[in-house]
Amino acid sequence: MDMVMKLGAESPVVILSKSTCCISHSIETLIRGFGANPTVHELDKISNGKEMEKALVELLGGKSSVPAVFIGEEFIGGSNEIMSLNVRGKLKQILLKANAIWI
């Protein structure tokens with residue numbers, strides 16, 4: 001779990017994903033659309049990815065592990081949480097607060 005949280009704190013926006021996950025790609029595209037430049041870690045391409053995926057499943061209470069999005073060193077959640085924030089007009093505010101984007 002500590003390894004996941006450490007990665008989540010390395011830049012204003014961090015996305016843990018898999019290279020084959022279309023939802024992860026969509027979330028990354030959404031966030032980039034605001035002008036943010038997320039750090040993306042594809043768990044299926046890193047050596048300790050399986051361990052990190054297990055930690056994410058635990059963090060998410062047994063739900064699907066990717067995408068997992070951290071903004072401003074805070075774990076925001078997966079695709080449902082990001083899309084909900086976007087629909088409610090709050091995603092941009094969170095990105096601004098984290099200094100991930102500027103007006």
Side-chain angles (χ1 to χ4, degrees):
M1 185 78 71
D2 290 337
M3 191 180 334
V4 170
M5 299 308 280
K6 185 177 177 182
L7 278 179
E10 71 180 15
S11 73
V13 180
V14 177
I15 302 172
L16 302 177
S17 70
K18 288 186 178 178
S19 61
T20 58
C21 178
C22 62
I23 299 297
S24 293
H25 177 73
S26 297
I27 294 300
E28 179 184 348
T29 301
L30 171 67
I31 290 172
R32 286 187 189 279
F34 284 100
N37 188 21
T39 299
V40 179
H41 295 281
E42 294 179 335
L43 300 180
D44 57 335
K45 292 188 175 184
I46 57 177
S47 60
N48 58 349
K50 289 203 182 278
E51 295 168 36
M52 293 177 69
E53 191 172 356
K54 286 178 186 176
L56 283 172
V57 169
E58 185 179 311
L59 184 65
L60 294 167
K63 298 179 189 174
S64 176
S65 60
V66 294
V69 181
F70 293 81
I71 302 175
E73 300 184 22
E74 181 181 338
F75 178 65
I76 302 298
S79 57
N80 288 343
E81 290 79 12
I82 296 298
M83 292 303 293
S84 176
L85 288 168
N86 186 50
V87 167
R88 295 181 307 174
K90 296 185 182 237
L91 182 56
K92 182 177 181 180
Q93 295 169 350
I94 292 171
L95 291 168
L96 283 166
K97 184 177 175 187
N99 291 319
I101 60 173
W102 301 268
I103 292 181

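Treat the numbers as computed from the prediction; the structure is a model and nothing was measured.
Contact check for Lys18 versus Ser24: no side-chain heavy atoms found under the 4.5 Å cut-off. With a 4.5 Å cut-off on side-chain heavy atoms, Glu42 and Val66 do not count as touching. Side-chain atoms of Glu73 and Glu10, non-hydrogen and from C-beta on, never get closer than 4.5 Å to each other. Between Val40 and Leu16, every side-chain heavy-atom pair lies at or beyond the 4.5 Å cut-off.
A pairwise comparison of heavy atoms in Ile101 and Phe34 identifies CG2-O, 3.4 Å as the closest pair. Nearest approach of Ala100 to Val13, heavy atoms of both residues: CB-CG2, 3.5 Å. Contact between Asn37 and Arg32 at its shortest, heavy atoms only, is OD1-NH1, 2.8 Å. Minimum interatomic distance between Thr20 and Asp44 (heavy atoms only, all atoms of both residues): N-OD2, 4.2 Å.
Rounding to the nearest 0.5 angstrom, the gap separating the OG atom in Ser17 from the NE2 atom in His41 is 9.5 Å. In this structure, OG on Ser79 lies 12.5 Å from CG on Asn86, to the nearest 0.5 angstrom.
Thr39 and Ser11 share a donor-acceptor pair across their side chains, judged by distance under 3.5 Å alone.
With Glu51 contributing its side chain and Asn48 its backbone, the two residues share no donor-acceptor pair below 3.5 Å. At least one donor-acceptor pair closer than 3.5 Å links the side chain of Ser26 to the backbone N or O of Cys22.
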Trace of the side chain to side chain contact (heavy atoms under 4.5 Å, CB included) decision for Leu91 with Ile71: CA-CA 10 Å; Leu91 182 56; Ile71 302 175; 3.9 Å; yes

Side chain to side chain contact (heavy atoms under 4.5 Å, CB included) between Lys50 and Leu43, intermediate numbers included: CA-CA 7 Å; Lys50 289 203 182 278; Leu43 300 180; over 6 Å; no

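Under the 4.5 Å side-chain heavy-atom criterion for grouping Ile, Leu, Val, Met, Phe, Trp and Tyr, Val57 is not connected to Met52 through any hydrophobic cluster. Under the 4.5 Å side-chain heavy-atom criterion for Ile, Leu, Val, Met, Phe, Trp and Tyr, Leu96 and Ile15 are members of the same hydrophobic cluster.
Of the options Ile31, Leu30, Val14, a side-chain contact (heavy atoms from CB on, under 4.5 Å) to Val69 is made by Ile31 and by none of the others.
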